[in-house]
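Okay, structure first, notes after.
All values below were derived from every heavy atom in this structure, side-chain atoms included, with hydrogens, water molecules and symmetry-related copies excluded. First the proteins, then the strands, lettered A, B, ... as listed; each starts at 1.
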Amino acid sequence: MGVLEKITSNQELRSWPGEIPLENLYTMGLAGERFFRGIKDEAKLLGTRCKTCDVTYLPPRIYCQGCFEKLVNWVDLPPQGKLETFTILNQDRAGRPYKTPRILGLVRIDRSEGALIHYIQGLEPQKIRIGMKLKAQFRSSSERKGSIQDIVGFVPA
Amino acid sequence: MDRRVAVIGIGTTGFRAASPEVSYREMIYEAAVKAYSDAGLAPDQIGSFIACSEDISEGTSIFDEYCPDQIGGARRPVHSVSGDGLHGIITAAMNIQTGLFETALVECHSKVSNCIDPVEIMNYALDPIYNRPLGEHPEFIAGLEMRRYLYESKAQPKDCAAVVQKNRAHALKNPWAAYPANLELEEIQDSPATFDPLREIDRAHHADGASVVILASADWVKKNRVKNPVWVKGMGWISEDPGLEMRPWGRSIATQKAAKMAYKQAGIRSPRSEIDFAEVDDTYSYKELQHLEDLWFFPLGGAAKAVRSGLTRSDGKFPVNVSGGCLGMGNAAEASGLQRVLEIVTQLRGEAGVRQLKRVRQAVAQSWRGIPTTSCAVAVLSKGVNS
Amino acid sequence: MNGLETTRKETKLKKKGSVPQANVPSGPLLKRKMAFEGTPLSGKDFEQGKVLFTTYKPKLAYAWDTGRAIGRYLQGLKEGRLLGVRCRHCDRTVIPPRAFCERCFRPIEEWVQLQDRGVINTFSISYVRWDAVRLEKPTLPAVIDIEGTSPRVGILHLLGEVDPKQIKVGMKVKAVWKAASERIGAITDIQYFKPE
Amino acid sequence: MRKVAVVGAGLTKFMRRAQETGKELSFEAARAALDNAGMQLKDIDCVVMGTAPDAFDGVHMKGEYLSDGSGAWGRPYLRGYVGGGTGVFAPIQGWYHIASGMFDTCLVVCEEKMSGCKPHPQGAFLTIFDHTTERPLYPNLLWIFALEMNRYMTTHGITKREIAHVAVKNKKNAMDHPSAQLPMEITVEDVMNSEVMAWPVNRLDVSPTSDGAAAVILASEEKAKKITDKPIWIQGVGWNLDTSYWTNRDLYYPEYVERAARMAYKMAGVKEPRKEIHIAEPYDPFDYKELHHMEGLLLCGKGEAARLAVDGVTARDGDLPVCPSGGLLGVGNPIAAAGLMKISELFWQLRGEAGKRQVPGQPKRGVAQAWGDLMQVGTVVVMGVD
């Protein structure tokens with residue numbers, strides 16, 4: 001009767017259930033705080049700029065990942081840009097089919113190297129083209145809470 | 001000092017969709033025993049032990065606690081790396097190159113069948129401020145990336161289907177594979193899109209399994225007259241932007257840079273002519289095409305042509321993922337990268353049985369850390385020191 | 001003056017060359033303290049909405065395969081028995097059971113039924129719950145060296161039916177089991193250990 | 001073997017709750033280290049990240065998530081971890097990146113943001129225990145310390161009062177540390193009278209949970225000499241991980257720390273640690289741990305460390321200064337960052353740049369050590385001026 005022997009009956013198979021029980025709280029950080037305040041209070045997009053590397057970060061960062069200088073130049077960016085890629089979501093996170101597929105796009109924001117990933121709205125999937133101009137649609141000021149969901153999505157510019 | 005490092009022992013349980021009859025400890029122990037037996041070594045002859053794992057995949061915080069026992073590493077220098085199996089190989093090689101150790105062991109495993117919701121784990125890796133609040137399935141990232149890759153490379157979804165067909169067919173000849181299949185191109189193409197253009201079938205299914213690799217210094221190899229060492233001639237690993245917003249989406253820049261680094265070390269100038277075959281990441285079908293191009297084997301768009309023409313089939317001129325890859329073997333997380341090394345070693349030793357490639361001397365393994373990362377690792381493995 | 005500031009001023013490049021010119025002391029940087037002050041927040045900053053944040057509760061659920069060794073250990077507990085294993089090579093009897101010996105790396109082949117009693121190796125009187133909630137009545141965790149195992153081989157469990165002040169290292173204790181009908185094959189099938 | 005030096009170090013303040021994200025904290029520490037060394041990011045060949053459980057930051061694969069803030073963009077980047085031992089292991093990882101001949105410079109960053117973990121950062125520690133045989137008992141982090149401390153006290157007949165001297169010393173030492181979160185002048189009575197959390201552990205026996213980051217820069221011999229005229233050399237490294245069956249070990253003595261220390265001393269050529277080590281930064285998340293680890297580091301005999309603390313031998317101006325930084329008890333415990341803080345401290349102390357914290361007598365060699373997992377891992381670095 002040794003441990004070398006293996007389980008040979010599926011009746012004896014067993015697993016032990018458990019979880020990692022926790023909840024996380026995330027601050028937006030120094031850059032994120034200012035970015036989301038900009039969205040919440042003024043419905044505008046803010047980026048940070050590294051002059052040395054000629055890069056404008058969106059979402060903004062307090063550092064340039066290229067040269068590691070501290071970024072202090074904040075710039076207003078137009079809430080619009082070009083569609084770099086998109087995907088049509090036919091199912092939700094649990095794998096259940098969506099009745100109406102959702103579309104997520106990556107919109108490269110004008111005058112920056114950055115982008116936002118958000119829903120594309122007001123367009124039939126077959127009408128969507130890489131490279132098309134889109135603009136962000138914000139929720140009304142009373143609905144905005146300072147999160148990425150303050151943006152409803154992107155619509156044709 | 002001779003800084004060369006060789007693989008001298010391998011062991012694996014093989015990959016399966018689930019492994020309910022063994023605990024993770026028992027599964028890893030089996031792979032370790034095989035590797036020790038293959039290398040003809042005992043645990044006390046190992047200098048440094050490296051295990052690759054991620055807490056949340058295991059369901060245990062600071063999982064490195066549980067790494068030493070089943071690899072013979074208790075009360076020895078053991079550490080964990082939260083990287084792919086190739087990162088583990090690279091770490092082991094560096095450990096040996098310091099001169100502090102003559103041998104090192106790398107362990108990777110997957111017990112993903114024990115995760116009730118692997119999608120949620122992937123979701124937990126997304127940026128919590130900018131991406132996760134959208135609440136969508138994290139594989140939307142693969143959908144975005146696939147579309148951009150197809151756009152830039154002018155490859156077609158059917159080329160991706162051909163990758164699926166090829167790799168799952170390769171797996172038919174690999175007893176270690178969990179998902180072998182003989183599929184028609186049409187049935188793959190007709191498979192429903194999940195995150196269009198990505199289809200359900202473009203994605204590698206999860207698998208359980210454990211793999212162990214033992215490495216040694218050139219001096220050790222010489223001293224002990226190891227008869228079939230496989231040399232790690234070049235190593236490269238790079239992380240690009242972890243954020244989704246600032247990275248380029250068509251290419252894997254990290255793979256390009258990591259490959260350059262590895263090729264430089266290995267003295268490779270013309271990858272396509274100097275490398276005989278490759279085992280690359282194919283977590284999603286399009287990734288194989290993208291990675292082959294970023295490994296400098298083909299120009300942009302060239303990988304699609306290659307798969308179409310059969311060049312990358314096991315009987316082609318440049319076999320890719322003859323093991324079956326992740327699509328055919330199953331995606332066993334960190335162990336997938338290590339399995340690529342195992343496959344290459346097996347092939348270079350001439351021990352691959354029915355799937356043995358002919359006249360192979362040098363190969364490349366490449367890994368990607370998965371959604372949402374950009375991190376990649378590349379290793380050049382070679383039968384002879386000078387090949 | 002603190003250490004961090006001094007290093008900043010004293011660090012100088014020895015040579016120019018492949019290593020670049022320092023970005024050392026120039027303009028406002030010189031005044032920057034070396035220890036980044038950061039932006040400490042209080043609980044109130046969150047409550048009063050002074051700071052933006054988001055929360056997430058992941059559903060990280062698992063079903064870990066018990067395998068042969070632990071599966072059988074749990075089955076033993078269900079039957080009201082404490083099982084260990086013996087490594088012949090090391091002449092060592094251990095609990096919890098394992099399929100291989102972590103010392104000699106050989107497979108373990110022999111099961112041993114152990115007494116459900118032992119000796120307190122060490123203990124604590126804990127007024128803090130796992131999630132840091134304060135407890136009125138303390139829990140009494142202990143490592144209990146199980147009778148019949150090799151020296152100082154034990155398991156983590158709880159003590160009960162004892163005045164915390166009376167607990168001593170070396171005290172003999174015995175398992176208090178749940179009723180057979182309530183046992184499910186879990187470490188909690190033993191409610192606690194009590195003094196013999 | 002290729003020589004490797006520390007050429008710069010940087011820290012953020014350790015805080016209870018930081019607004020900065022983990023990436024931002026990492027950046028601040030890394031930037032400070034670069035400034036300290038007079039280097040730019042482009043001079044860095046590779047990056048190593050040390051950070052403990054992913055549950056704290058709340059991001060799966062958090063090493064990946066933190067990479068851009070650590071200066072890893074477009075670079076070789078690896079995250080290693082050995083639980084609480086990570087902070088002193090990260091520079092060992094950096095060491096092998098350079099000693100292997102693969103790179104000439106390495107930026108080592110350690111970060112921990114614990115405050116976001118709810119209901120309490122301690123909750124994450126429930127899941128360090130064995131999922132099947134231990135977690136159903138709902139163990140917490142304090143248990144392991146309490147169980148180990150009790151075993152240590154009982155075996156040697158050491159009292160809580162003696163141990164409390166360590167908390168008093170370290171929290172006072174931290175008064176001079178600009179990064180310190182919990183510096184204070186207290187008495188042994190204060191420690192004894194503080195709330196009992198898990199006997200024998202009282203509140204003031206314990207280090208706080210923290211947010212913070214630390215960074216050091218390592219360089220090969222040739223590069224180091226170009227960067228600074230005061231490189232501090234990594235003379236020895238050691239690490240050791242014991243079995244995870246922690247209830248099968250006698251917790252009174254950290255055998256794994258001794259093994260790690262012996263490995264490091266051997267490499268450093270240290271034969272008599274007590275004489276040849278001039279300054280020590282053992283891991284002190286709880287006060288008894290400093291003593292436990294001094295013994296494991298062979299700086300005194302088994303059971304003798306408490307006496308040294310009581311007699312003031314380990315005071316900053318004592319014969320063997322231990323935790324002159326203020327340690328985790330005083331400076332704070334953002335787990336991995338706290339370990340790297342110890343490496344930074346040795347760096348500044350051995351350069352004679354520790355300001356008010358400077359130990360007298362121009363120390364030539366120091367040892368830093370961290371510990372973690374299930375009372376299981378020892379990581380040791382010996383540093384010196386030559």
Side-chain angles (χ1 to χ4, degrees), chain C residues 1-8 10-15 17-20 22-24 29 33-42 51 56 62 64 66 70 73-74 94 96 98 102 121-132 141-143 152-158 169 186-188, chain D residues 10-13 15-20 28-29 32 35-40 43 58 119-120 122-123 126 131-134 136-140 142-143 146-147 150-151 154 176 178-179 196-199 223 225-229 243 245 247-251 348 351 353-358:
Chain C
M1 190 178 90
N2 64 58
L4 302 174
E5 283 167 328
T6 22
T7 58
R8 174 59 186 269
E10 289 175 11
T11 307
K12 284 202 182 72
L13 279 188
K14 209 169 159 187
K15 275 184 223 166
S18 60
V19 175
N23 111 32
V24 236
L29 269 175
K33 269 195 170 177
M34 280 299 296
F36 168 70
E37 287 291 337
T39 317
L41 299 173
S42 71
V51 57
Y56 187 73
Y62 306 85
W64 296 283
T66 57
I70 295 298
Y73 181 52
L74 297 181
V94 294
R98 58 213 70 169
E102 74 279 6
N121 171 301
T122 182
F123 67 94
S124 172
I125 304 163
S126 174
Y127 292 92
V128 181
R129 206 169 68 181
W130 70 275
D131 53 358
V143 174
R152 270 168 294 288
V153 167
I155 57 169
L156 175 70
H157 220 293
L158 304 171
V169 169
I187 189 65
T188 47
Chain D
L11 294 174
T12 69
K13 195 168 166 57
M15 297 161 263
R16 170 77 187 83
R17 236 186 248 100
Q19 181 168 19
E20 287 79 4
E28 293 293 354
D35 289 349
N36 186 222
M39 293 169 78
Q40 295 293 355
D43 309 320
H120 190 279
Q122 273 195 20
L126 168 65
H131 41 59
T132 309
T133 59
E134 291 170 353
L137 300 168
Y138 286 97
N140 75 44
L142 288 165
W143 287 16
L147 295 170
N150 188 3
R151 184 74 191 166
T154 307
D176 299 323
S179 289
V196 177
M197 298 177 81
W199 186 90
K223 273 279 160 72
K225 287 179 174 167
K226 284 181 186 159
I227 295 166
T228 175
D229 48 12
T243 170
Y245 296 107
T247 55
N248 292 183
R249 291 189 253 122
D250 197 327
L251 301 175
W348 287 315
R351 277 162 69 117
E353 295 174 349
K356 282 187 186 172
R357 298 193 309 284
Q358 186 63 48

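Taking the six-membered ring where the residue is Trp, D:W199 and C:F123 present parallel rings, their angle staying beneath 30° rather than reaching 60°.
Contacts between C:V128 and chain D at a heavy-atom distance below 4.5 Å involve backbone atoms as well as side-chain atoms. Contact of D:T243 with chain C is made through the side chain alone, with heavy-atom distances under 4.5 Å. Only the side chain of C:I70 comes within contact range of chain D, with at least one heavy atom under 4.5 Å from a heavy atom of that chain. For C:Y62, no part sits under 4.5 Å from any heavy atom of chain D, backbone or side chain. For D:L126, the part lying near chain C is the side chain, with the backbone staying farther off; criterion is any non-hydrogen pair under 4.5 Å. Proximity to chain C involves both the backbone and the side chain of D:Y138, based on heavy atoms less than 4.5 angstrom apart.
Note on C:L74, C:T66, C:V169, C:T188: by heavy-atom pairs under 4.5 Å with chain D, the leading option is C:V169. Between chain D and the residues C:V153, C:T39, C:I187, the largest count of heavy-atom pairs under 4.5 Å involves C:T39. Among C:D131, C:L158, C:V143, C:L156, the residue making the largest number of heavy-atom pairs under 4.5 Å with chain D is C:L156. Contact tally against chain C (heavy-atom pairs below 4.5 Å) for D:T154, D:T247, D:L137, D:L251: the top residue is D:T247. Contact tally against chain C (heavy-atom pairs below 4.5 Å) for D:T132, D:T133, D:L142: the top residue is D:T133. Of all the listed residues (D:M15, D:H120, D:H131, D:E134), the one sharing the greatest number of non-hydrogen pairs under 4.5 Å with chain C is D:H131. Between chain C and the options D:A146, D:G58, D:G123, heavy-atom pairs under 4.5 Å are most frequent for D:G123.
Contact annotation: the side chain of D:N248 approaches that of C:R98 to within less than 4.5 Å [non-hydrogen atoms, C-beta and beyond]. Counting heavy atoms from C-beta outward, C:P141 and D:P139 have side chains that stay 4.5 Å or more apart.
Looking at residues two or more places apart in sequence or on another chain, you find a salt bridge (charged side-chain N to carboxylate O under 4.0 Å, His left out) between D:R151 and D:D250. Checked against salt bridge (charged side-chain N to carboxylate O under 4.0 Å, His left out), D:R249 has the following partners two or more places apart in sequence or in another chain: D:D242.
Of all the heavy atoms in C:P96 and C:G154, the pair that sits closest is CD-O, 4.5 Å. Contact record, D:L147 with C:A142: CD2-CA, 4.0 Å, taken as the closest heavy-atom pair.
Separating the CZ atom in D:R351 from the OG1 atom in D:T228 is a distance of 4.0 Å, to the nearest 0.5 Å. Within the model, atoms CG of D:D43 and NZ of D:K226 stand 11.5 Å from one another, a figure rounded to the nearest 0.5 Å.
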